[in-house]
Every structure is written in structure tokens, then in C-alpha cells.
Amino acid sequence: MILRLDDPAAARAWCARERDAGRTIGFVPTMGALHAGHLSLVERALAENDRACVSVFVNPLQFDEAQDFDHYPRDFGADVDLLDGVGCSMVFTGTLAGFFPDELDDAGALRPEFSVDPGPAALGLEGACRDGHFEGVATIVDRLFDVVGPTRAYFGQKDYQQSLVVGDLAARRGAPEVVVCPIAREPHGLARSSRNERLSPDDRERAAVISRALGAADEAWRAGDRDADALARRMRDVLAGEPRFALEYAELRDPAAWTADAPTGPLARAVALVAGRFGDVRLIDNRVLGDAS
Ligand code: PAF
């Protein structure tokens, strides 16, 4: 039976006891609305550690749009049941005040001096489209790492740039080991996301265009095309065929040499990244070109 805690201080005490007993902790930070993608991270955390622990917290610090924060799906009871079903050891949640008891101002906002620098991987793409997003992610993940003290922390590759930001953060802290897990997809290719629930059935089908666009870039890469502009054009051509999709970006980056702006000319390694909207639902996806996925 899963242990459910509603307070970060109680979670901190539980994790400390587990660590003191010599047990390893695999940690999966989430914002809830759990789906098969999250559960695969928890299963991996359980397979590789003595205990698996999950946080469920819709972090206000990382939302640049109030509407996105307000509409973010929340059902803690359902999340707890799903986690119990896969054998998760402990799940915890909390409030902003519970996570940052001494760092909020009188209005309940985090004082700016406690915001954590997300580092250079936050530049461009998501960092450019979503003002303050990665500061919010780095700040809460840093605090979650303080609370849990995990041996390993598990993140999905779907949030590719986030995985670079938290990898840098963990490297600066000296722990934990960050494990980036493959993207879980719906049968027609759409990357699993809590936001998919807000798509109409028609848009959910149409949204498969994003993985087709990434597939087109991957096909061109495998055929020998290394030119960043040409690969990006391949994606945009496919995406332009879907009139309901409002493109924000379809670009390439060298994953080992992240740049704010899209590189030009030939690439030695490449990740293709796409973001855009169906109606008011924002979706992101990516593919490391030439990878097995
Ligand atoms: O990927 C997410 O769900 C969130 O960005 C995270 C890592 C839980 C931080 O709030």
C-alpha cells in the first residue's frame, strides 16, 4: 500500500529515514494528471532502486500563462490510485508555502533572490517562448531534490530542454543521477502528455502530425542530410499540411552544444524539436535524429 503524504516536511522525514536505513530512492517529480508515460518512469525507478517516490505538485512558478495554470488537470486521488497500482512506495504533495516556508513575500510569492538560475540550456526555444519557465522548473526541482535527497531522479525525454536544465542542476549540486527515459507515445504517435486530455478527439488525431514531422527529419538524417535549415524545412513542410496546428517552432539543435538560436549549416549530432498549439492546448515533442526510437 502506497504511503500518501500531504506535506513536504513529512516527505523529507520519510526520505531521510529510508536513506539512513541504507535504501536507495528513485524519484519521479510530476505535476500530476498521471498517464502511462509517468507510470513507466515510476516502474523504472522501482526496478533500479529500493524505493520509488513521486511528487505531485502543479508548480505555479513555471507557468507563464495564468490560463494554462488554471486549466492544468488536477486529480490527486486518481494519481495516488495509479501509483499504488504500480507499487510506488510514497507520493507527496504540498503547497508553495509548504515547499518554501521561509522564502515567500507577504503576498505569497517567491522572493526573487530564491529563484534558481536554470543555466545555459534554458536559452532559446521553450526558454524564449515561456518567460521564466525554466527558472520556475529549476527552483522547484532544486527544492524537491532537497526534500527527497534521491539516489536517482527520472525525467521524460519529451521535455527535452528541461532534461538538459535538470541535468545541469544535478551536476552543479553533485547529485542525484539524472535518468532521461524515452518518450511514451499514443498509438498514432502523439507524445503522451497531461495536456492531451484537453484536446478534442479530432485534434488528438490531427496532432499526430507533430511526430510525422519529426519522423520526416529523422528520415532525411538517415538518408545523409546534415543541414540544419534543410532538416527544419522538412518538418515545417509536413506541419504546414495541418491547418489546425499553430506552429511556434520547428528547429534543430546540437544536443551536446546547446545554442539559443538555431544553428546553421551541417550538424554532427541533432535533436529536432517542435512546439505549437491546437486551439489553446500547447504541445511539444522532439526526436534525437538517428536514434533507435
Ligand atoms: O515535467 C514536469 O512535470 C515538471 O516540469 C516538473 C519536473 C515536475 C517540475 O515541476
Side-chain angles (χ1 to χ4, degrees), residues 8 11 25-42 44-45 52-65 68-76 78-80 82-83 88 90-100 110 114-119 121-122 125-127 129-148 150 152-170 173 176-184 191-198 273 275 281-286:
I25 302 177
F27 174 47
V28 183
T30 80
M31 296 204 300
L34 302 182
H35 50 67
H38 297 110
L39 298 180
S40 69
L41 302 188
V42 178
R44 180 143 175 206
C53 134
V54 171
S55 61
V56 173
F57 177 58
V58 184
N59 169 32
L61 304 175
Q62 70 189 76
F63 284 82
D64 56 330
E65 291 176 11
D68 194 20
F69 177 68
D70 292 343
H71 288 160
Y72 204 85
R74 294 164 172 90
D75 189 344
F76 190 47
D79 291 338
V80 173
L82 285 171
L83 293 168
C88 181
M90 187 271 272
V91 56
F92 71 100
T93 187
T95 59
L96 196 63
F99 281 109
F100 299 97
L110 186 76
F114 295 109
S115 190
V116 173
D117 178 359
L125 301 185
E126 288 304 288
C129 291
R130 303 182 65 189
D131 196 26
H133 171 67
F134 285 123
E135 282 82 359
V137 170
T139 303
I140 190 68
V141 171
D142 189 54
R143 181 52 48 96
L144 290 165
F145 285 171
D146 284 344
V147 169
V148 176
R152 298 179 188 85
Y154 295 79
F155 293 85
Q157 189 201 306
K158 185 178 82 64
D159 296 296
Y160 189 85
Q161 209 176 342
Q162 168 172 284
S163 71
L164 298 181
V165 167
V166 296
D168 286 352
L169 173 71
R173 292 174 55 108
E177 177 189 338
V178 168
V179 182
V180 182
C181 303
I183 301 175
R192 288 195 190 273
S193 162
S194 307
R195 290 190 172 87
N196 296 356
E197 280 181 31
R198 291 174 46 215
L273 305 108
V281 183
R282 187 169 189 276
L283 301 174
I284 60 171
D285 198 353
N286 67 82

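First listed ligand is number 1; within each ligand, the first listed atom is number 1. This structure is a prediction, so every number in the text was calculated from the model and none was measured.
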Note to self: Any side-chain to backbone donor/acceptor pair from Arg74 onto Tyr72? Under 3.5 Å, distance only.
What the structure shows: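 Yes.
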Notebook entry, point to check: Is there a donor-acceptor pair closer than 3.5 Å between any side-chain N or O of Gln161 and the backbone N or O of Glu126?
Noted result: yes
Next item on the list: Show your reasoning for whether ring pair (Phe, Tyr, Trp, His ring centres under 6.0 Å) applies to Phe100 and Phe114.
Entry: CA-CA 9 Å; Phe100 299 97; Phe114 295 109; 8.4 Å; no
Considering only heavy atoms of [X], which atoms of ligand 1 have at least one such atom less than 4.0 Å away?
X: Ile140; result: 9 (C), 10 (O)
X: Thr30; result: 8 (C)
X: Pro29; result: 8 (C)

Notebook entry, point to check: Roughly how far apart are Ser193 OG and Lys158 NZ, rounded to 0.5 Å?
Noted result: 4.0 Å
Margin query: Can you confirm whether Asp131 is buried at CG, in the sense that more than 12 heavy atoms of other residues, nucleotides or ligands lie under 6.0 Å from that atom?
Written below: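 Open.
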Checklist line | atom 5 (O) of ligand 1: nearest protein contact (heavy atom, Å) | finding: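 The protein heavy atom lying closest is Gln162 OE1, 2.7 Å.
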Checklist line | Selection from Met31, Gln62, His38 by shortest heavy-atom distance to atom 10 (O) of ligand 1 | finding: Gln62
